[in-house]
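Notes to accompany the following structure.
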There are 2 protein chains.
Amino acid sequence: MTEASSTEAAKARRSDATRAAILTAARERFAADGYERATIRAIAADANIDPSMVMRYYGNKEKLFAAAAEFDLRLPDLTGVPRDEIGARLTGHLVDRWEHDDTLMALLRAAVTNQAAAERMRRLFAAQLGPVVTALVADPAEAPVRAGLIATQALGFALTRYVLCLPPVVALDRAAVVAWLGPTIQRYLAGERAE
Amino acid sequence: MTEASSTEAAKARRSDATRAAILTAARERFAADGYERATIRAIAADANIDPSMVMRYYGNKEKLFAAAAEFDLRLPDLTGVPRDEIGARLTGHLVDRWEHDDTLMALLRAAVTNQAAAERMRRLFAAQLGPVVTALVADPAEAPVRAGLIATQALGFALTRYVLCLPPVVALDRAAVVAWLGPTIQRYLAGERAE
DNA sequence: ACTGTAGGCCAACACCTGTTGACATGTCGA
DNA sequence: TCGACATGTCAACAGGTGTTGGCCTACAGT
């Protein structure tokens, strides 16, 4: 055995490093180029292996993307936070997630032209943002709309800052982003309903 | 002469109909599929002509896109509107533009994976939204940031509703969109600065 | 009626894509 | 030591892409 444990079924394979390298390269390429322009060949070259290895380990491009786009927003528990600070906290957290992880970017860029990626994005927000909003909102029936509106502003910010790179939006520092967007998120979360 | 005027230099060529058909088909394809998945062959098939015609009339794919993505937001003059209604008016107008014209969609879908399209999007907002915001804002130095923030919310709404199709956002009717997003735009436009 | 030319089609090119199978190498248990 | 299996490389495939040039056809101006 090359690893510590002796009786465990999950032994560390020698190929795990390669698998990880492929996944990292895939995330970077998908994030930078989108689904169709990110080629298996380019990903393999980045990972310093042959394109056929990608196929052996992940089956096909679709499955490779599915593996590379696995993502957890890691939303914090906000039930204890003072009500009027929630918007700012949520905004700050989302900015941090965008800045330090390629995965969301890969998902966003791909989702615009790829149906499967779009479906994944929908599930991500429904499964991860949905519950958090439901727990914070007075009337649970309003939760989906409010979560949707938050997605509107969060994704719009990411789109203009990281993808389209509109200069004034790129220029904002973290504090400014929280100060401007925080109240918007706050209103979508807890403001009086507007329908 | 086939047309009314006799001495005019701009005579209507027989190919004008074809040119227009190509442009319409191109807009639809770019809007539905994005830049790389919208193929010249598919566009030509939609326009019922040969792919080589597209090349003859527009040179190459890049120039075809440039011609198809020509867009005017047609922002109304808002200087006479009561200050607290401006956000709602602007929001309503933008929704209408999105709903009745493929071009913005083509631009958005392409801009996510195509540098030239992204640059075009930046120019669109700088040249068309910028001046309107400058005219409405107290301190002209704040105009770019405020226009950027508006872009953030406007594009985020379009992204989630028309591209990603998040169900709760798709379900909103026009009045609900204006009621929810109007105040946000209003605050970005005229609210106290938050930096 | 004749002819030049604009409008249109066809076939092909060079290239790139995802994907596959055959083959070499190295590692580890028996 | 030997053989089984994991790891990796190479070359090729079938199909799709933007793009090009040659050829046909029908109409406009004389």
To the nearest Å, how far apart are B/Glu36 CD and D/dG18 P?
10 Å
Starting at CG of A/Asp33 and ending at P of C/dT17, how long is that distance when rounded to a whole Å?
11 Å
Please state whether the rings of A/Phe65 and A/Tyr35 are parallel, tilted or perpendicular, taking 30° and 60° as the class boundaries.
perpendicular
Here the distance between atom P of C/dC10 and atom CE of B/Met53, to the nearest Å, is 12 Å
From the candidates C/dG8, D/dC10, C/dA22, the one with an atom nearest any side-chain atom of A/Arg56 is C/dA22
Below 4.0 Å: OP1/OP2 of D/dA6 and any side-chain N or O of A/Ser15:
no
What integer distance in Å separates A/Asp50:CG from D/dA11:P?
10 Å
For residues A/Arg109 and B/Thr113, is any side-chain donor paired with an opposing acceptor at under 3.5 Å?
no
Do the side chains of A/Leu94 and A/Leu172 join up, straight or via other hydrophobic residues, at under 4.5 Å, putting them in one cluster?
yes
Taking side chain as C-beta onward, heavy atoms only, is B/Met105 less than 4.5 Å from B/Phe30?
no
Spacing between B/Phe30 atom CZ and D/dG18 atom C1', to the nearest angstrom
12 Å
Between the base of C/dC16 and the side chain of A/Thr39, is there any donor-acceptor pair under 3.5 Å?
no
Between P on D/dT20 and CG on B/Asn60, what's the gap in Å once rounded to a whole number?
8 Å
Of the listed D/dC10, C/dG8, C/dT20, the closest approach to the A/Met55 side chain comes from C/dT20
Parallel, tilted or perpendicular: which one describes the rings of A/Tyr188 and B/Trp180, with boundaries at 30° and 60°?
perpendicular
Students often get this wrong, so: under 4.0 angstrom with heavy atoms, is B/Tyr58 touching a base, only sugar-phosphate, or nothing?
nothing
Here the distance between atom P of C/dG26 and atom CD1 of A/Ile49, to the nearest Å, is 18 Å
Which part of the nucleic acid, if any, lies within reach of A/Ser52 when heavy atoms closer than 4.0 Å are counted: base, sugar-phosphate only, or nothing?
base
Among C/dT19, D/dT17, C/dC10, the one nearest any side-chain atom of B/Arg41 is D/dT17
Tell me which nucleotide among D/dT19, D/dC10, C/dG7 gets nearest to the side chain of B/Ile40.
D/dT19
What is the separation between atom NZ on B/Lys61 and atom P on D/dT19, rounded to the nearest whole Å?
8 Å
